[in-house]
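Remarks on the structure that follows.
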Amino acid sequence: MTIVTRFAPSPTGLLHIGGVRTALFSWLYARRHGGRFILRVEDTDRERSTAEAVQVILDGMQWLGLSHDEGPYYQSRRFDRYAQVLQQLLTEGKAYHCYCSKEELEEMRNAQLARKEKPRYDGRCRQRTAPVPGVQPVIRFKNPLDGEVIVEDLVHGPVVFQNAELDDLIIARSDGTPTYNFCVVVDDSDMNITHVIRGDDHLNNTPRQINMLRAIGFTPPAYAHVAMILGPDGAKLSKRHGAVSVLHYREEGYLPEALLNYLVRLGWSHGDQEIFTLAELVRLFDITDVNKAASAFNPDKLLWVNQQHMMHAPLPYLAGILREQLQRLGIETQDQPLLEGVVAGQRERAKTMKEMAESSRYFFVADVVIDDKAGRKHLGGEGAAMLGRLRAGLDALSDWSAAGVHGVLTAIATDAGVGLGKVAQPLRVALTGTAVSPPIDATAALIGRERVLGRLDRALQWAATP
RNA sequence: GCUCCCUUCGUCUAGAGGCCUAGGACAUGGCCCUCUCAAGGCCAGUACACGGGUUCGAAUCCCGUAGGGAGCGCCA
C-alpha cells in the first residue's frame, strides 16, 4: 500500500511555524516511506480566507522545500463533489434536514448548560418527514446513538470516545455550502489519504470524522495527532513570538533547512543528535516516535541551530543568500569570490544571514566611517604610529594574500617589540571602522590592496584630526 | 459544566522496572585557546508535578489529586 499524507491548512491566518511543523511531519512521513504528499487548501470559509494567506502557504512550502506530489487542491473548487455526497447521504437516510431555528438551538443549549450537561443537538429533526415552509434547512449527519469509536492514534495510542457524547453535526449550512468536518471526510476519502497527521486540536473531531467516513464507505486512515507549539513563555503561540508568517524567517536570515531542523526536534529526537540534514531526517524520522506533550518555541536554540547549518553549508549557496540580504541593505554586488570569502570569514560570527550582511558592509562599500569609540581606543598615540608602519609595510607587500599580510603584521610587531594585538587592532579599525571583524589578515586580503591603502590613509587623517 | 488530551533541568529532549547518586543540547556562570569578535574545548549549577499503591527494586506499571491544554459553532 502506498502511503499518502496531506497537509491541509486553512488560509484564514498566515502559515506559521506550528503549521510548518505538522507539514514537515507529514512530508517526512511520506518521503520516508516512498509515499505521496498532497497539499490541500481548506478554504470553504470564503469570508475569512484570504489570497495573501494562500500565497504564503505556497511560497512558504516552496522556500522550505516541502514539495507536494499532488495539488494544491482547493476545497472551494470541489463544491459539486460535496453536493453529490451530501445527496447520497440524504438518499441513504444517513443524513437529514434540520429546520430548527437558531433561537430554538440556543434555548436547547442554555437548558443543557443549566443542567451541567455538555451542549449538544438532541436530534429532534431526525424523525421529521415534512419540510417546514419558509425555512431553508441545514443538513445534519446521523451519528450512531450508542457504541464507541476508538481512534488508534499513532502518537497517543488508542483513544476511546462514546458515541453518546457526540451529536448530529451540521454538514451543510442552510445556504447549501458544506462545512469543514464534512469536506475533510470527503477529501480524505477521495484522495485516498492513508495517514492523517495534524494538530491535536483535531483529536476531538476525529471520532465524528471516522463515523462519517464509514457512512460513505471508506475505511478510515491512520491518525497521528501532534501537540501544538507554545510560545517561549509557555502560553499559546502569539504574534510576538513565532506566530508570524513563515516567510518572516527567510527575511530574518534563517536557512530553511535550519528552521526545519529546529522544528523537527520539537517533540522528536534521535539519540543525542541535534543537527540533521534533510536527507538524514527522511531516513530517520518516524511519526510514532513523536512525543505527546506540547513544547515551547525557543528562539535562542533556533539561532544556534541556524548558525550550525551556516557553518556547514556550501559556500556558493550561502553566498547567494548573502547577496540577497545585502540587497535588502541597498548593497548590490555580483562579486562571487568576495561573497564566498566573506561567508567563509563571517559564518562563525553571525547567527543569521541577515546579521552577517549587516556586519559585512565594509567588505562591499568604497569607504568606511570610523566608529568614534573604536577610533579613540585604537588609533590614538601608539595606534597612529602603527598606522604609519602598516601603511608602509603593506604598500611594499608583493604577495597580497592573508599569509602575506600576516607576515607584515608579525614583522611590525616583532620590530616594535609589542604583541600582535597592538598592530592588528589599529588596522582593524582602519579597515572596518570597528573593533570587530574576522581575522584581520584575511579581512585585509578580501578588501584588497587598493582599498586597504586608501582606508589606511583616511585613518591616518582621522588620527591627525583633533 | 461535560468529554478528550498532556505533565523529566528555565527551554528542547534521553529514558520502554535494576545500566539513573537521571544522560545530551540551548541558555547561564567560570576557565582555556586567542590580533578583536566569534567558533571550539573543559568545568559548574539546575529536573523525574504531588500522593498512594504493585514490586526485592519505579522517572519507567496501576489508581487518585493538582496544574495546563483542546473540543463542545450554520469557524476551520
Inset, instruction - Establish, from distance only, whether the side-chain atoms of Q425(A) and R428(A) form a donor-acceptor pair under 3.5 Å. - result: yes
Legend entry - Side-chain donor-acceptor contact under 3.5 Å, E252(A) with T352(A): no
[X]/[Y] ion pair, N-O < 4.0 Å:
| X | Y | result |
| --- | --- | --- |
| D168(A) | R120(A) | no |
| K301(A) | E274(A) | yes |
| E104(A) | R124(A) | yes |

Which of the following nucleotides, [options], is nearest to the side chain of [X]?
| X | options | result |
| --- | --- | --- |
| D300(A) | rU3(B), rA27(B), rC6(B) | rA27(B) |
| K301(A) | rA25(B), rC74(B), rC5(B) | rA25(B) |
| K351(A) | rA76(B), rA27(B), rA25(B) | rA27(B) |
| R48(A) | rC12(B), rC35(B), rA76(B) | rA76(B) |
| R349(A) | rC37(B), rA76(B), rC4(B) | rC37(B) |
| F161(A) | rC4(B), rA76(B), rU36(B) | rC4(B) |
| Y180(A) | rA76(B), rC2(B), rU11(B) | rA76(B) |
| W304(A) | rA39(B), rG1(B), rC26(B) | rC26(B) |
| E274(A) | rA39(B), rU3(B), rA25(B) | rA25(B) |
| D441(A) | rA76(B), rG10(B), rC35(B) | rC35(B) |

Can you pull every protein N or O that's under 3.5 Å from an N or O on nucleotides 71-73 of chain B?
residue	atom	partner	partner atom	Å
rG71(B)	O4'	N204(A)	ND2	3.4
rC72(B)	O2'	P119(A)	O	2.5
rG73(B)	OP1	R109(A)	NH1	2.8

Give me the distance, rounded to whole Å, that separates [N] from [M] when you measure between the [atom1] atoms they each carry.
| N | M | atom1 | result |
| --- | --- | --- | --- |
| rG71(B) | rU54(B) | C1' | 35 Å |
| rU34(B) | rG41(B) | C1' | 13 Å |
| rU46(B) | rC9(B) | C1' | 5 Å |
| rC19(B) | rC61(B) | P | 16 Å |
| rC48(B) | rG30(B) | P | 27 Å |
| rA27(B) | rU11(B) | C1' | 8 Å |
| rA47(B) | rU8(B) | C1' | 6 Å |
| rA14(B) | rC72(B) | P | 31 Å |

If only side-chain N and O atoms of [X] are considered, is one of them under 4.0 Å from the OP1 or OP2 phosphate oxygen of [N]?
| X | N | answer |
| --- | --- | --- |
| T179(A) | rC74(B) | no |
| Q308(A) | rG40(B) | yes |
| S295(A) | rU13(B) | yes |
| K236(A) | rA70(B) | yes |

When the distance from [atom1] of [X] to [atom2] of [N] is rounded to whole Å, what number comes out?
| X | N | atom1 | atom2 | result |
| --- | --- | --- | --- | --- |
| L409(A) | rU34(B) | CG | C1' | 15 Å |
| I171(A) | rA76(B) | CD1 | P | 13 Å |
| D233(A) | rG69(B) | CG | P | 11 Å |
| Q75(A) | rA76(B) | CD | P | 9 Å |
| L431(A) | rU36(B) | CG | C1' | 13 Å |
| N291(A) | rA16(B) | CG | C1' | 13 Å |
| H309(A) | rA39(B) | NE2 | P | 16 Å |
| R428(A) | rU36(B) | CZ | P | 8 Å |

Searching all strands shown, indicate the nucleotide that pairs with [N] (Watson-Crick or G-U wobble; both distances under 3.5 Å).
| N | answer |
| --- | --- |
| rC26(B) | rG10(B) |
| rA76(B) | none |
| rG57(B) | none |
| rA49(B) | rU65(B) |
| rU21(B) | none |
| rC37(B) | none |

Inset, instruction - Select from Q273(A) and S101(A) the residue whose nearest nucleotide in RNA chain B is closer to the 5' end of that strand. - result: Q273(A)
Legend entry - Toward the 5' end of RNA chain B, by each residue's nearest nucleotide, M228(A) or V159(A): V159(A)
Inset, instruction - Check whether NZ of the Lys or CZ of the Arg R140(A) lies under 6.0 Å from the centre of the six-membered ring of Y121(A) and within 45 degrees of that ring's axis. - result: yes
Contact class for [X] (heavy atom, under 4.0 Å): base, sugar-phosphate, or nothing?
| X | result |
| --- | --- |
| A296(A) | sugar-phosphate |
| P439(A) | base |
| T177(A) | nothing |
| P207(A) | nothing |

Checking [X] side chain against [Y] main chain: does a donor-acceptor pair fall under 3.5 Å?
| X | Y | result |
| --- | --- | --- |
| S269(A) | R265(A) | no |
| N163(A) | D146(A) | yes |
| N306(A) | L255(A) | yes |

Inset, instruction - Compute the centroid of each ring, for H202(A) and then for Y180(A), and state whether the two points are separated by less than 6.0 Å. - result: yes
Legend entry - is_close_aromatic(F285(A), F276(A)), centroid dist under 6.0 Å: no
Inset, instruction - Ignoring hydrogens and angles, answer whether the base of rC74(B) and the side-chain atoms of S174(A) contain a donor-acceptor pair closer than 3.5 Å. - result: yes
Legend entry - Side chain to side chain, L89(A) and F182(A), heavy atoms closer than 4.5 Å: yes
Inset, instruction - Kindly indicate whether the side chain of L409(A), heavy atoms from C-beta on, has any atom under 4.5 Å from the side chain of L420(A). - result: yes
Legend entry - Among N291(A), V226(A), I229(A), side chain to side chain contact (heavy atoms under 4.5 Å, CB included) partner for L266(A): I229(A)
Legend entry - Proximity to RNA chain B (any heavy atom under 4.0 Å), residues of residues 255-272 of chain A only: R265(A), L266(A), G267(A), S269(A), D272(A)
